[in-house]
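First up is the structure itself, then whatever we jot down about it.
What you are looking at is a predicted structure, and each value in this text was computed from that prediction instead of being measured.
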Amino acid sequence: MPRDTTVVVTGGTRGVGAGIARAFAEAGARVLACARRPPECPLDGVEFAPLDLRDPPAVQGFFAALPRLDVLVNNAGGTPYRLLADADAERHAKVVELNLITPLTASLAAYEHLRRSRGSVVMVGSVSGARPSPGSAAYGAAKAGLASLAASMAVEWAPEVRVNTLVVGMVRTELSSVHYGGPDGVAAVSCTVPLGRLAAPADVGAAAVFLASDAAAYISGASLHVHGGGERPAFLDAATANREK
């Protein structure tokens with residue numbers, strides 16, 4: 001990747017975002033990681049930029065102040081476990097705002113930079129956007145919307161700006177225990193993945209670097225699945241036919 005490449009990674013201070021930021025830094029880019037709070041441990045080769053993505057004027061000001069921008073990675077997002085009936089619509093709307101509206105806000109603010117540099121947007125989506133997501137329904141709905149947004153954006157902004165989506169499966173981060181339990185839970189969940197493990201943040205980072213690179217120069221409007229082969233259909237384990245003796 002050219003040394004003068006500038007990359008912004010939203011939510012780039014921990015977990016998947018930190019893995020993406022590290023991957024671009026290791027590829028030689030100048031990397032700015034945006035988040036409301038600084039990382040607990042500074043990331044080598046990554047600059048921290050405080051930014052609340054839910055504040056549109058602040059987002060506009062941040063991108064306007066950049067001298068150039070080549071790649072925007074819309075990674076910021078997430079959700080707590082919350083059943084639909086356990087919260088009101090306003091609380092679920094905040095999840096949709098973080099996971100769908102803020103990537104749109106950042107992309108619009110970055111557009112002129114990206115158009116001039118003939119740059120790239122990488123959306124960090126989720127397998128939750130394409131399957132039922134009990135306990136995170138608003139998150140899944142937002143990620144489904146993000147994939148649709150990226151596909152439309154890829155058509156509207158071509159040929160100057162490429163837009164693609166990483167459809168990310170389960171990732172082992174510092175917050176894995178919140179979703180899967182302790183080591184036994186993580187191990188059990190890992191066994192449901194065809195490749196036998198959860199993704200590492202570096203796996204997602206490598207895929208993001210690829211989509212932003214010249215090697216993907218003819219790829220736009222695509223969804224790249226980074227999920228270790230997906231999920232084994234539950235009916236196969238429930239069926240009594242064709243079982244190994």
Side-chain angles (χ1 to χ4, degrees), residues 1-35 39 41-49 53 63 66-78 103 106-107 110-111 113-127 143 146-147 149-151 153-154 157-174 195 197-229:
M1 184 163 287
R3 291 285 173 178
D4 62 346
T5 300
T6 299
V7 180
V8 167
V9 181
T10 68
T13 58
R14 67 179 184 178
V16 171
I20 294 171
R22 286 192 189 96
F24 276 102
E26 290 169 359
R30 179 199 177 197
V31 183
L32 289 83
C34 299
C41 299
L43 305 175
D44 290 342
V46 177
E47 304 171 42
F48 170 69
L53 291 158
F63 283 100
L66 295 178
R68 69 171 289 148
L69 179 65
D70 300 279
V71 181
L72 169 63
V73 182
N74 282 309
N75 165 77
S107 298
Y111 171 68
H113 278 306
L114 296 171
R115 183 181 63 81
R116 286 191 294 269
S117 66
R118 299 186 74 87
S120 172
V121 177
V122 178
M123 302 291 198
V124 179
S126 170
V127 294
K143 291 300 189 181
L146 186 67
L149 173 65
M153 192 179 290
W157 290 4
E160 291 87 3
V161 182
R162 294 187 302 107
V163 185
N164 292 292
T165 301
L166 291 175
V167 183
V168 180
M170 296 177 288
V171 185
R172 187 164 191 165
T173 71
E174 59 268 36
L195 287 187
R197 66 175 178 87
L198 304 187
D203 294 318
V204 185
V209 170
F210 164 69
L211 284 180
S213 73
D214 289 342
Y218 198 64
I219 300 175
S220 192
S223 293
L224 175 60
H225 288 72
V226 186
H227 59 11

| message | If you compare all heavy atoms of V127 against all heavy atoms of V167, which two are closest, and at what distance to 0.1 Å? | response | N-CG1, 3.7 Å
| query | Say you draw a straight line from CG of L72 to CE of M123; how long is it, rounded to the nearest 0.5 Å? | reply | 7.5 Å
| query | Is any side-chain heavy atom of V9 less than 4.5 Å from a side-chain heavy atom of V46? | reply | no
| What distance do S126 atom OG and L146 atom CG have between them, rounded to the nearest 0.5 Å? | 10.0 Å
| request: Keeping the roles fixed (side chain from R172, backbone from R197), state whether a donor-acceptor pair exists under 3.5 Å. | output: no
| query | Is it true that a side-chain atom of N164 and a backbone atom of I219 form a donor plus acceptor pair closer than 3.5 Å? | reply | yes
| task | To the nearest 0.5 Å, tell me how far R116 CZ sits from E160 CD. | result | 12.0 Å
| From CA spacing to verdict: side chain to side chain contact (heavy atoms under 4.5 Å, CB included), V124, V73 | CA-CA 7 Å; V124 179; V73 182; 3.9 Å; yes
| task | Verify side chain to side chain contact (heavy atoms under 4.5 Å, CB included) between S120 and L211, making sure each step is shown before the conclusion. | result | CA-CA 8 Å; S120 172; L211 284 180; 5.7 Å; no
| Between G12 and A33, what is the shortest heavy-atom contact and its length? | O-CB, 3.5 Å
| query | Are any non-hydrogen side-chain atoms of S117 and L69 less than 4.5 angstrom apart? | reply | no
| remark: Closest non-hydrogen contact found for A207 with V226 is CB-CG2, 3.8 Å
| query | Do you know the tightest heavy-atom contact between A216 and F210? | reply | CB-O, 3.3 Å
| Distance (rounded to the nearest 0.5 Å) between H227 NE2 and D203 CG | 13.5 Å
| said: To check you understand the geometry: which heavy-atom pair defines the closest contact between A23 and A206, and what is its length? | reply: CB-N, 4.1 Å
| message | Nearest 0.5 Å, please: how far is CG in L32 from OG1 in T10? | response | 12.0 Å
| query | Sub-3.5 Å donor-acceptor pair from the side chain of H113 to the main-chain atoms of F63, do we have one? | reply | yes
| task | Report yes or no: does D70 contribute a side-chain atom to a donor-acceptor pair with the main-chain N or O of G119 at less than 3.5 Å? | result | no
| field | T6 side chain vs R30 backbone, donor-acceptor pair below 3.5 Å | value | no
| note | Interatomic distance, CZ@R14 vs SG@C41, rounded to 0.5 Å, equals 13.0 Å
| field | Close side-chain approach of E26 and V209, heavy atoms under 4.5 Å | value | no
| note | For S107 and N74 the tightest heavy-atom approach is OG-ND2, 3.0 Å
| message | Quick check: do V31 and L43 have side-chain heavy atoms less than 4.5 Å from each other? | response | no
